[in-house]
Amino acid sequence: MPAVVDLRSDTVTLPTPGMRKAMARAKVGDSRRGEDPSVRALEEYCAGLFGKEGGLFVPSGTMGNLCAACAWTRPGEMIVASSASHIAGRESPAVSLLASVAIIGIDAPGGIFTAEDVAAAVAPAPARNESRVGLVTAENTHNAGGGTVFPLAALKRIRSFCGKTRIPLHIDGSRIFNASVASGTPPAAYGKVSDSLMFCLSKGLGAPVGSILVGTRGFLSEARGVALRIGGGMRQAGIVAAGGLYALKHNVPRLAEDHGNAAALAEGLDGIPGVEVVNAPVETNIVLFRWETPSLDLPAFRERLADRRVLLDDRAFPLFRAVTHLGIGKREIARAMRAFREVFVGGAVRP
Ligand SMILES: Cc1ncc(COP(=O)(O)O)c(C=O)c1O
């Protein structure tokens, strides 16, 4: 039986043999005491990549953003973010609970907002004696926007506005290396335009666990305190940190292949009658597409696709998300396309 073509997310990757070897060899210690050499090596490497004073290895992107939100804001303040961003959606209950802040959402095409949008979101507070905005976050690439790249020029203008109004800018860079590879922007340029930045090792980079928060020593000392208070203190975490370091050293340039495969998928989908690619032209590794006149309901659709051993993110049926990653090559794209043609073109039957 052929392997499953899993396009649900770039979080489904499995560690490669080389990565597993690096993990098995990792020198470890009690990371909570600052004694794990592999964690320290990873944090230092990441700080260097982004031109920041330090890094903090945390178990997940959610925890990285939460630590940043708690470290930068005071209770009663507000955070400005794209309304479709991960922090304004899935993470907002925990951010509201633990940082005691509200999130003001900006509606922007593809999740890419401007300095003027931020100014408009920040302006009413002093005039109406409302809560102060304590943090702006920009998601790069923007997941729900379809893997859109936040242009560096837009980030620079936002940072300049934030600097004048003394509001820190945090980048949720879960997929920052996709942005970097797609736009040819070095990671340090993103580090330069932000006060803090979080990125995930366990998405396109293909490591099994973890995210990194980079910033100044002062910010990281606050963020580390938050991570420890919410149970993010890890012990011999060097085993997974070594997977992260391996991913950074081996899996960054290959993200261009994921982008090429996503573009090929989008082109193929666009040729299927009744299917519309929503985020054309696809910028990175995420394809959003809609089945305009579904002839199956969700359970039947899932069954037909699963029969053909293809998985998609179908939570917003009939809008779908397909994400390419290191488990997806040209062969898998061809298999997925065959399954899509059979299922989306009316009258698909079980094979
Ligand atoms: C843009 C963005 N931010 C944050 C996260 C949260 O990362 P994690 O799943 O590691 O908690 C995700 C996860 O998909 C994401 O897409």
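Note that this is a predicted model, so its numbers are computed, not measured. Counting starts at 1 for both ligands and their atoms, following the listed order.
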Worksheet item: Under a 4.5 Å cut-off applied to non-hydrogen side-chain atoms, are Phe161 and Val136 in contact?
Response: no

Worksheet item: Are Phe317 and Phe289 close enough that their ring centres sit under 6.0 Å apart?
Response: no

Discussion item. Is it the case that the side chains of Ser83 and Asp107 hold a donor-acceptor pair, with the cut-off being a distance below 3.5 Å and no angle test?
Written reply: yes

Worksheet item: Quick one: nearest non-hydrogen protein atom to atom 9 (O) of ligand 1, plus distance?
Response: Lys203 NZ, 3.8 Å

Worksheet item: Got a sec: does the CZ of Arg90 have more than 12 other heavy atoms crowding it under 6.0 Å?
Response: no

Item to complete: Measure up the Phe301 and Trp291 rings against each other and bin them: parallel (under 30°), tilted (30 to 60°), perpendicular (over 60°).
Response: tilted

Worksheet item: So, for Phe320 and Phe344, is the gap between ring centers shorter than 6.0 Å?
Response: yes

Worksheet item: Just distances here: any N/O of Arg175 and N/O of ligand 1 closer than 3.5 Å?
Response: yes

Worksheet item: For ligand 1, which atoms sit closer than 4.0 Å to a heavy atom of Ser60?
Response: 10 (O), 11 (O)

Worksheet, complete the sentence: among protein heavy atoms, the one nearest atom 10 (O) of ligand 1 is Gly61 N, 2.8 Å

Worksheet item: Would His142 count as a contact of ligand 1 if the rule is a heavy atom under 4.0 Å away?
Response: no

Worksheet item: For atom 11 (O) of ligand 1, what is the nearest protein heavy atom, given as residue, atom name and distance?
Response: Thr62 OG1, 2.6 Å

Practice prompt. List the steps, then state whether ring pair (Phe, Tyr, Trp, His ring centres under 6.0 Å) holds for Tyr246 with Tyr45.
Written response: CA-CA 11 Å; Tyr246 180 95; Tyr45 184 80; over 10 Å; no

Worksheet item: Relative to atom 16 (O) of ligand 1, which among Val58, Asn143, Asn65 owns the nearest non-hydrogen atom?
Response: Asn143

Worksheet item: To which protein heavy atom is atom 15 (C) of ligand 1 closest, and what is the distance rounded to 0.1 Å?
Response: His86 CD2, 3.4 Å

Item to complete: Answer with yes or no whether Met63 contacts ligand 1, where contact means a heavy atom under 4.0 Å from a ligand atom.
Response: no

Worksheet item: Hey, do the aromatic rings of Phe150 and Tyr190 have their centres closer than 6.0 Å?
Response: no

Worksheet item: Relative to the heavy atoms of Glu91, which atoms of ligand 1 are at a distance of less than 4.0 Å?
Response: 3 (N), 4 (C), 5 (C), 6 (C)

Worksheet item: Nearest protein heavy atom to atom 2 (C) of ligand 1, by residue and atom, and its distance?
Response: Ser174 OG, 3.2 Å

Worksheet item: Of the protein's non-hydrogen atoms, which lies at the shortest distance from atom 3 (N) of ligand 1, and what is that distance?
Response: Asp172 OD2, 2.7 Å

Worksheet entry | Within-shell test, Arg90 vs ligand 1, heavy atom, strictly < 4.0 Å | no

Worksheet item: Which one of Thr284, Leu288, Thr148 satisfies the side-chain contact (heavy atoms from CB on, under 4.5 Å) criterion with Asn279?
Response: Leu288

Worksheet item: Any idea which atoms of ligand 1 are less than 4.0 Å away from a heavy-atom of Glu139?
Response: 1 (C)

